[in-house]
Amino acid sequence: MTDWLTPVEWEALGLSAKVAIWSVGLSLPLAVATAYLLTRVDFPGRSVVNGLIHLPLVLPPVVTGYLLLILFGTKGPIGGWLEDTFGIVLAFRWTGAVLAAALMGFPLMVRAIRLSLEGIDPRMESAARTLGAGRAVVFLTISLPQLMPGIIAGAILSFAKGVGEFGATITFVSNIPGETRTLSIAIYSFLQTPTGDAAAIRLTVIAVVLSMAALIASELLARRASRRVKGMEP
Amino acid sequence: MTDWLTPVEWEALGLSAKVAIWSVGLSLPLAVATAYLLTRVDFPGRSVVNGLIHLPLVLPPVVTGYLLLILFGTKGPIGGWLEDTFGIVLAFRWTGAVLAAALMGFPLMVRAIRLSLEGIDPRMESAARTLGAGRAVVFLTISLPQLMPGIIAGAILSFAKGVGEFGATITFVSNIPGETRTLSIAIYSFLQTPTGDAAAIRLTVIAVVLSMAALIASELLARRASRRVKGMEP
Amino acid sequence: MSDAVRPTPVEIPMPLEIDVEKRLGPRFALSVRFEAPGGVTALFGRSGAGKSSLVEMIAGLMRPDRGRIAVGGRPLFDSRAGIDLPPEKRRVGYVFQDARLFPHMTVRRNLLYGQWAGGRRQGAMTLEAVCRLLDIETLLDRRPGALSGGETQRVAIGRALLSDPALLLMDEPLASLDAPRKAEILPFLERLVHETGLPVVYVSHAMEEVIRLADTMALIDDGALAAVGPVEALTGRIDLPLLTGQGEAGAVVGARVVAHDADYALTTLEIEGGGRLQVALLSLAPGTDLRVRLRARDITLSLAPPEAASTLNVLPATVREMARADGAFVHVLVDAGAPLWARVTRLSADRLALSPGKRVHAIVKAGAIDRASLGGRTSRVPGK
Amino acid sequence: MSDAVRPTPVEIPMPLEIDVEKRLGPRFALSVRFEAPGGVTALFGRSGAGKSSLVEMIAGLMRPDRGRIAVGGRPLFDSRAGIDLPPEKRRVGYVFQDARLFPHMTVRRNLLYGQWAGGRRQGAMTLEAVCRLLDIETLLDRRPGALSGGETQRVAIGRALLSDPALLLMDEPLASLDAPRKAEILPFLERLVHETGLPVVYVSHAMEEVIRLADTMALIDDGALAAVGPVEALTGRIDLPLLTGQGEAGAVVGARVVAHDADYALTTLEIEGGGRLQVALLSLAPGTDLRVRLRARDITLSLAPPEAASTLNVLPATVREMARADGAFVHVLVDAGAPLWARVTRLSADRLALSPGKRVHAIVKAGAIDRASLGGRTSRVPGK
Amino acid sequence: PMTVRADEAPTLTVFGAASLTDALDAAVAAYRDDHPGTVRLVFESSSTLARQIEQGAPADLYLSANPRWMDYVAERGLIDTESRRQLLANSLALIAPADREADSGAADDDILGDGDRLLAALGGDGRLAMGDPDHVPAGIYGRQALTSLGYWAAIEPRVARAANVRAALALVARGETPLGIVYATDAAAEDGVRTVAAFPASSHPPILYPAAITAHAAADPARAEATRRLLDFLAGDEATAIFARFGFSQPKDAAGS
Ligand SMILES: Nc1ncnc2c1ncn2[C@@H]1O[C@H](COP(=O)(O)OP(=O)(O)OP(=O)(O)O)[C@@H](O)[C@H]1O
Ligand SMILES: Nc1ncnc2c1ncn2[C@@H]1O[C@H](COP(=O)(O)OP(=O)(O)OP(=O)(O)O)[C@@H](O)[C@H]1O
Ligand SMILES: [Mg+2]
Ligand SMILES: [Mg+2]
């Protein structure tokens, strides 16, 4: 059963899945909040925030990785503070890989959610408010369910990005077997060695299968969510 | 006026802009068509197509670059055919960088457009058909304008990705000054030398400014488009 | 009924054939089959009966499970012959129950969409004429988002009218319009329909509108056809309270304009059978045929002709039939040349000893016959 | 008018104060100021007059540029005092002109949203009662997407009713419902309103509904208040054709149930001034006060009392005033104890030589007074 | 020196230049056979590894493909300079796709002697694949070699600058470029290419792989001790033989020739 993969490959697969899932899970609420802020609230510095969010997309991943390393490394200002205060270490740990993946996927997620958010009919929200629901409850019961297609699309983009990310990750948390050596990094490493092609191809196939599974699941969810949002019978 | 950048930097900036704009421009119609197919038409192999589109996101860019090299290189099956038939050469040309950027941005674009497409009210389309408009005209006059928020979001994501892309690009078309040496590749090169930090930072700032300009323009467009789609007064 | 009053089927250019079956949900299926001789066909029935679904099938937006839909002999759908014209080929002008204006276009663009994108000709009406009729000139450059309910509905009507339809489908087009506005639009529709012979399928819950416009009425109940026939026949049937709630039943009789009295602003009509009625002045030439609806509740029966009363219209009549209506009232069918229904209390019926064969006088107030009860009917353009 | 027939302002628990100004577009501004003594306040006016906008401001969904809105003395908005309660704090039950059901929830969830998410109490009505009233039990597990127009509207009404409102805002709630359905829902609303004293703002283009439900009527014309007052007063004003098109004008008089005649299914009413009318049996206890609308077009004037005719209601009266209505007709105000309007042709008026002071008989058919003309009015629960 | 018990032995982390991957894997496998403790191998470009060490990466031993990045960390006090030594050496090779015969039979042996010949071998529009001479070590050596051979200026416009030496190798192996410059070790490992000519060692500075114990390891005596043992092993005969199998030579050979 487990034979088709070597332990090292299993390790990379598991790590990739773990990193991608955590990064999606952790960044999702933040992405929803950010999208909401950017779409609905007119605060000063909005375009700066918007720009910052898109940075990981614009910059070569290596640059993002270096920035992470400088800020979140054990000697970095934020990394040092996190370690002193909460004992959280990101540099050269899988948690750092989660941070890198989350950051790289963040603009994709925020964009998708914003698109859905812009499509929401504000008349439904005002109807809910006349029925006694405050802003927060309206958001949870009316807006959020209608955001589902965007959230699912954002999550799958971010998950795929999390699986595929390596530039920022390898720069930030390096390529440490069992800790930060995700599928992508492993594939990259194998490509760097003269004899690694076969292994690289194997791992590539695994990465593709993993992402396809997530993709198909998300498509089903998204279709159901979109039918619901349109008020169609289930 | 032109002093703040060296000629080499200007060259990289211009090339990045050229590559990003061409990649967005060329992939947009294809992305719209693909999104339409995936959302509205139930053809066999739909999930395969969907999966293929997401591949560039899932795979480490270097792998994508290798695949491009294998398929679109002068010795590759598609590259050879393109050269023989149309005289189009992609390998080591900026056109190849366009292909790489377009491919990497494609899943982002398709997703954004799909999200908008799923939000379109089919009742408007049927109303248009009773007024005599055939499927194609309905698409152009009813669906497409309502797709604008998604198209703009997809375009900006793809543009940003085009500016930031380097893994697949450098692997596919290498780093040829004036031809394929985009900002990202230049930044990467500088980061690889112990003394290159200052130049890397300069170029990073340029890339950020370029993308921010595009971003702000797109935000304005998107806001107008979204107001239009909602039927609000201009 | 004389041919002069009701045009014969030969004159009617665009008969409508409907025969559809469609399952809509686990609990609801539609199965309706009827033919209407053209003109205006009203679909009447309770909420959820299946009227809108039927209209959508005619428009080609919903596909029947099986059946046939044809207009003027031209099949739009025929499951056996494998015909299913796409909506854009059916040349219908559809006023949707929910308007469906295009949000991203100005009102003007919406109105002209049929001509601009649908390749429809200019048709019988100009933009200016439609705007004037519907009072939407000032809205032309606005977008639909912030229009009021009635404005939205008026633009939707205009859009359908301007698409040069060969068949007009109107699903409660006047539902959220004020009475004066209705009073402007109805005569226009009436004229349009009668001058061009354009067949119309009209869904409405308002009896006045149906009386006024419709030639044929199809009663839909829970997905099935409950009754179909000429409006005159159906509105005269007091066994169909479904139709009207109550108090709206009555007879529709053919009539002809005989004379005008300019001083008193009165028009004299001669109804079938020769009886005469005086009504408020009509701008119809003498000799014009029209349809008068006399509601049962507006007719008083008297044994002696009334004296010194403010009623002008007294028709000698004979009681034909007594039908119990509800607790207090009895519907009495009298023959005044034309058959008329009167709704009187049982107490009065007993006091007057009404029974079949009894000679009475049917008293109709001139004021009770207002424009809403008059179905215009001018000579039709045959063919087209 | 006696206090027994119209409750005095003291008895009315929830007066409504409206004083708002709002610019909506380059061409349209709303500026309306009136007070209503509570009960049902009808907003009447042509399409685009600003009715829905006014209702949105009461609900807190649109912010007036300045002004004050208060219900029962409780300010919902006051630009000077800086008060602007958010919509969820206003405890309104809003039936939107465009329904606005939540597409992603089942009908049941929609109905219970106020209780489930809005923290509203169960209120006066249970889900079962509302479903039965609106006949939507079978829809409970469906989603709103494929509901018919009328079904959608009924669910929207149910949702507002179930949110335990302190003020009900209804924007054309019955517009796309069939007559029988309206006939079921109207008496219910009537009872609800009169039993609980719940203030209601009601927008409608249908005169019957307004007559039936409303205590106060505010006429909005192009963003401004054209007239406001008790329904009786406004519907009696024949200078407001805006109201009704034509033919709907008439008097509304207070009346009291005197006796029932079970055999003939008739109820005898005593109107103000002591005149008696026989109408179809009402299920109201003797002594109950109510409101009867006598449309001008349903009243015949005669010099002699009619003999051997099917009319039961003859009221001796004196002509007070002659007002020209339109070409053929003249409106005659007669005093039959209560003031009544009769609409007669000029020809008849001349023949009868009608002029102020002349003694006449006003003849009202029992059948002309149907349920739609009776505004129920039972003793109100004071306070609440 | 087997006094340290396995469970007490610190886990060592080796930061190695990517081009060492296979060879170092094999050498460390041999080390593990008779030494306690765990050794983790982390491969990346020398530059990235250097910056990560600068940011506090838990590396114990750094093997750079390039003295410049070793200098970079040395300047910042991140290594125990005492322990720095030249561990390995490499050489450059001119390669061509294995399946392609050289355009002219005469080319092969002294193709490097003449820039025109090299250009001719590239054909009308062929390129010379090599690591980016701006930053990739193999590319830098390649440029130095061609410069000293006297025709860099002529060749430069025809260079396809790859992101790393493996990418250059792949370009040649795929037949995208008719020629390329890579390390001899890479040329030996890839079946898709054949070596056309070896660059004379004199044409470029010696290609050296310096190694050093990091300051992080040096700070902890036990860790420093264990790391030193590993470094000694890698410099020892057994490891040298293994490295030789992968085409690496010893620095003294490179320096001596
Ligand atoms: N944002 C806006 N810009 C311009 N005009 C507006 C705007 N919002 C509303 N209006 C106009 O204000 C007027 C009042 O609208 P409202 O919806 O209140 O009308 P209404 O009385 O409810 O009409 P109906 O009976 O047709 O529903 C309309 O003419 C509408 O077009
Ligand atoms: N997809 C569906 N699933 C289940 N029931 C459906 C579906 N589509 C329509 N129906 C039901 O079919 C019935 C007919 O709907 P339709 O819209 O034709 O009614 P209608 O006669 O136009 O009513 P109204 O006067 O209220 O507009 C309704 O009861 C509706 O709920
Ligand atoms: Mg309907
Ligand atoms: Mg309105």
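Chain identifiers are assigned alphabetically (A, B, ...) following the order of the sequence lines, protein sequences preceding nucleic acid strands; residue numbering begins at 1 within each chain.
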Compare every heavy atom of [Y] with every heavy atom of [X], then report the nearest pair and how far apart it is.
X	Y	answer
L171(E)	T171(B)	CD2-O, 4.4 Å
Y66(B)	A170(E)	CE2-CB, 3.3 Å
L69(B)	R174(E)	CD2-CG, 4.3 Å
P177(B)	R161(E)	CD-NE, 3.7 Å
S47(E)	L191(B)	CB-O, 4.3 Å

Checklist outcome for this item: Cut-off 4.5 Å, heavy atoms of chain B, and the answer for A162(E) is backbone
Item to check | Toward chain B, the part of V159(E) with a non-hydrogen atom under 4.5 Å | outcome: backbone
Item to check | Contact list for residues 7-23 of chain B, test salt bridge (charged side-chain N to carboxylate O under 4.0 Å, His left out), sequence neighbours left out | outcome: E9(B)-R202(B)
Item to check | Which portion of I185(B) sits near chain E, non-hydrogen atoms under 4.5 angstrom | outcome: neither
Item to check | Toward chain E, the part of F166(B) with a non-hydrogen atom under 4.5 Å | outcome: neither
Next on the checklist: As an exercise, state the distance from OG of S189(B) to CG of D132(E), rounded to the nearest 0.5 Å.
Outcome noted: 4.5 Å
Between side-chain atoms of residues 92-99 of chain B and protein atoms elsewhere (two or more places apart, or another chain), which donor-acceptor pairs fall under 3.5 Å?
unit_1	atom_1	unit_2	atom_2	d
T95(B)	OG1	V89(B)	O	3.0

